[in-house]
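The structure appears right after this line, and notes come after that.
Quick note on labels: first sequence line is chain A, next is B, and so on, each numbered from 1.
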Amino acid sequence: MPELPEVEILARHLAPLLAGRTIRAVDVRRARVLAPTSVGELERALLGARFLSLTRRGKFLRFQLRPRGGRAPFGLLGHLGMTGRMFLQPASRPLPKHAAVVLRLDRSTFVFEDPRQFGRLTLDLGALTRLGPEPLAKHFSPAYFAVALQRSRQAIKVKLLDQALVAGVGNIYASEALFRAGVAPRRPASRLPLPQVNALHRAVRRVLAEAIACGSTLPLDFAGTGRRDGHFYYGRAEGTPDYYAERLMVYDRAGEPCRVCATPIRRCVQAARSTFYCPRCQRG
DNA sequence: CACCATGTTCCTTG
DNA sequence: CCAAGGAACATGGT
C-alpha cells in the first residue's frame with residue numbers, strides 16, 4: 001500500500017526484523033514481479049545471503065544484503081505497486097493466495113504478496129536513478145521546487161505525481177497537499193505565484209510528515225492477519241478505530257462537506273486519475 | 001454487468 | 001519538444 005508514508009512505516013517496521021537474517025530458500029510464485037531479473041538470477045543472488053539493512057527511497061524499498069561467502073554487499077529493490085504487501089509470518093502458517101515471492105528464513109518466512117502484480121522485487125536498481133529529491137530532505141528546497149514548476153505547463157496535480165520532480169507523492173497525498181495549500185489542482189504549474197509555490201512546498205512536507213507520525217502511533221497489524229489489510233492505508237488493526245480515514249481532508253470524499261467550509265468536495269479526472277478538491281478553499 | 005482502485009510505463013494524437 | 005489521453009499490466013471491491 002504505497003505512498004511515501006506507508007512505505008516509510010513499513011521500512012521502519014521490517015528493518016530490525018530482517019537485519020542479520022539469512023535466506024535459506026527462495027520461492028518465486030509470480031516471476032513477473034522480478035522483471036527484468038530472472039528467477040535463476042534472484043535465486044543465485046539471494047540463496048544463503050544475509051540482510052544487512054533496509055531503507056526507503058521515494059516509494060521504493062532498498063534492501064542491502066551480503067552474499068553467501070562474504071563478498072561485496074548488493075542491493076535488492078522493492079516496490080509495492082498498488083496492492084503489494086511485505087511481512088514476516090511464522091514458518092508454519094499457510095501462504096496467502098497471492099504470494100508472489102517467498103523467502104524462507106530461520107523460523108519465519110518473508111512474504112511479498114501482490115494480487116495485481118504491479119509491484120516489484122528485483123535486482124535491477126535502475127529505477128532509482130530516475131527519482132527526484134526526497135520531499136522531506138534538504139535537497140527538496142522551495143527554490144528547487146519553484147524552478148522546477150516554472151518549467152512546466154502541466155496541471156499542478158499531475159506534476160506532483162511526477163516522481164522525477166519529487167519522489168514519493170502519490171494520488172492521495174497530492175490531493176491532500178493541494179487542499180492544505182489552497183491551490184486549485186488544474187492550475188498550470190508555471191502559473192503558480194511564488195507564495196503559492198512556497199505554501200505547496202510546505203504542504204507537501206507537512207502532509208507526508210503527519211502521515212508518517214500517524215502511522216508510527218497506530219497499532220498496526222503487519223503480520224497480515226487483518227481482514228482488510230495490515231497497514232494503515234484504508235485499513236487498521238482489528239478492533240481499533242479508523243483514525244486514518246478521518247485524517248484525510250478531501251481524498252475519496254466527493255459530495256461530502258469540506259471539513260473547513262462545508263462546501264461539497266468535488267472529484268475530477270486528470271491524467272486518468274481521480275483528483276479531489278474543495279472548489280471554495282482551493283481557488284489559488 | 002458496470003465502475004472504481006494507493007502505481008508505472010508505453011504509445012498515440014494533437 | 002510538450003501535453004493529454006488512453007491502454008496496458010491483473011485482480012478485487014462495491
Side-chain angles (χ1 to χ4, degrees), chain A residues 1-11 29-36 56-61 77-86 96-101 112-122 124-132 148-178 185-191 207-208 211-212 214-215 220 224 226-236 242 244-245 247-255 267-276:
Chain A
M1 341 296 301
E3 278 185 50
L4 184 151
E6 295 73 34
V7 180
E8 175 68 24
I9 295 297
L10 178 62
R29 313 198 150 205
R30 304 290 151 134
R32 74 182 309 277
V33 305
L34 307 185
R56 179 196 57 75
R57 174 79 172 93
K59 301 171 193 173
F60 288 90
L61 291 157
L77 193 64
H79 194 291
L80 298 175
M82 296 268 265
T83 55
R85 304 175 60 195
M86 294 183 187
K97 179 179 175 188
H98 297 292
V101 180
F112 170 35
E113 76 159 334
D114 188 2
R116 287 172 78 173
Q117 302 173 58
F118 291 176
R120 285 289 177 277
L121 191 63
T122 177
D124 176 21
L125 309 182
L128 292 175
T129 66
R130 293 186 283 276
L131 293 182
L149 293 188
Q150 259 170 11
R151 286 185 283 135
S152 171
R153 275 162 313 222
Q154 264 189 316
I156 185 60
K157 155 63 163 33
V158 176
K159 203 62 197 161
L160 282 178
L161 298 179
D162 180 357
Q163 302 298 294
L165 169 73
V166 55
V169 177
N171 205 37
I172 292 178
Y173 294 115
S175 282
E176 293 298 312
L178 287 166
R186 281 173 289 207
R187 160 133 329 177
S190 58
R191 306 275 300 268
V207 160
L208 297 176
I212 292 171
C214 173
L220 302 176
R227 303 192 38 73
R228 289 196 55 122
D229 85 43
H231 305 281
F232 71 104
Y233 222 84
Y234 283 119
R236 57 190 191 268
D242 196 350
Y244 181 80
R247 279 192 9 262
L248 297 180
M249 302 295 277
V250 290
Y251 185 80
D252 205 21
R253 296 194 65 239
R267 171 185 181 271
C268 69
V269 174
Q270 298 179 276
R273 320 277 321 262
S274 289
T275 299
F276 299 89

Does [X] place a side-chain N or O at less than 4.0 Å from the phosphate oxygens OP1/OP2 of [N]?
{"X": "H98(A)", "N": "dG12(C)", "answer": "yes"}
{"X": "T83(A)", "N": "dA5(B)", "answer": "no"}
{"X": "S152(A)", "N": "dC2(C)", "answer": "no"}
{"X": "R273(A)", "N": "dT6(B)", "answer": "yes"}
{"X": "K97(A)", "N": "dT11(C)", "answer": "no"}
{"X": "Y173(A)", "N": "dT6(B)", "answer": "no"}

[atom1] gap between [N] and [M], integer Å:
{"N": "dC1(C)", "M": "dT8(B)", "atom1": "P", "value": "24 Å"}
{"N": "dA8(C)", "M": "dA2(B)", "atom1": "P", "value": "16 Å"}
{"N": "dA3(C)", "M": "dT6(B)", "atom1": "C1'", "value": "25 Å"}
{"N": "dA7(C)", "M": "dC3(B)", "atom1": "P", "value": "12 Å"}
{"N": "dC4(B)", "M": "dG5(C)", "atom1": "P", "value": "15 Å"}

Exercise for review: Look at all strands and tell whether K159(A) reaches a base, only sugar-phosphate, or nothing, counting heavy atoms closer than 4.0 Å.
Suggested key: nothing
Review point. Heavy atoms under 4.0 Å, any strand shown: does R151(A) hit a base, just sugar-phosphate, or nothing?
Key: nothing
Measure [atom1]/[X] against [atom2]/[N] and give the value in whole Å, please.
{"X": "R120(A)", "N": "dT8(B)", "atom1": "CZ", "atom2": "P", "answer": "11 Å"}
{"X": "K59(A)", "N": "dT9(B)", "atom1": "NZ", "atom2": "P", "answer": "10 Å"}
{"X": "I172(A)", "N": "dG7(B)", "atom1": "CD1", "atom2": "P", "answer": "7 Å"}
{"X": "Q154(A)", "N": "dG5(C)", "atom1": "CD", "atom2": "P", "answer": "11 Å"}
{"X": "R247(A)", "N": "dT6(B)", "atom1": "CZ", "atom2": "C1'", "answer": "14 Å"}
{"X": "N171(A)", "N": "dA5(B)", "atom1": "CG", "atom2": "P", "answer": "8 Å"}
{"X": "F60(A)", "N": "dT6(B)", "atom1": "CZ", "atom2": "C1'", "answer": "14 Å"}
{"X": "D162(A)", "N": "dC2(C)", "atom1": "CG", "atom2": "C1'", "answer": "13 Å"}

Practice item. Rounded to the nearest 0.5 Å, what's the gap from CG on L160(A) to CG on N171(A)? Could you check? Key: 10.5 Å
Point to revise | Atom pair NZ/CZ of K159(A) and R153(A) - distance to nearest 0.5 Å | key: 11.0 Å
**Study point:** Steps toward side chain to side chain donor-acceptor pair (under 3.5 Å) verdict (R116(A), T83(A))
**Key:** CA-CA 6 Å; R116(A) 287 172 78 173; T83(A) 55; 5.3 Å; no
Exercise for review: Using modelled atom types only, decide if a donor and an acceptor are shared between the side chain of E176(A) and the backbone of Y251(A) within a distance under 3.5 Å.
Suggested key: yes
Practice item. For R130(A) and Q163(A), run side-chain contact (heavy atoms from CB on, under 4.5 Å): C-alpha distance rounded to whole Å, both residues' side-chain angles, the deciding distance at 0.1 Å, then the answer. Key: CA-CA 8 Å; R130(A) 293 186 283 276; Q163(A) 302 298 294; over 6 Å; no
Practice item. Apply the test side-chain contact (heavy atoms from CB on, under 4.5 Å) to residues L80(A) and K59(A): give CA-CA distance (whole Å), side-chain angles for both, the deciding distance (0.1 Å), then the verdict. Key: CA-CA 8 Å; L80(A) 298 175; K59(A) 301 171 193 173; over 6 Å; no
I want to verify a distance call: between [options], whose nearest atom is closest to the [X] side chain?
{"X": "R267(A)", "options": "dT11(C), dT6(B), dA5(B)", "result": "dA5(B)"}
{"X": "R30(A)", "options": "dA5(B), dT11(C), dG7(B)", "result": "dT11(C)"}
{"X": "R130(A)", "options": "dA3(C), dA5(B), dT9(B)", "result": "dT9(B)"}
{"X": "Q117(A)", "options": "dT6(B), dA10(C), dG12(C)", "result": "dA10(C)"}

Point to revise | Side chain R32(A) and base dA10(C) donor-acceptor under 3.5 Å | key: no
**Study point:** Earlier contact from the 5' end, DNA chain B, for R116(A) and L161(A)
**Key:** R116(A)
Check your understanding: Is the aromatic ring centre of F118(A) closer than 5.5 Å to the centre of the six-membered base ring of dC9(C), with the two planes inclined by less than 30°?
Key -> yes
Study note, to complete from the structure: Note: Q117(A) and R32(A) closest approach over all heavy atoms is O-NH1, 2.5 Å
**Study point:** For dT6(B), the Watson-Crick or wobble partner whose two distances fall under 3.5 Å
**Key:** none
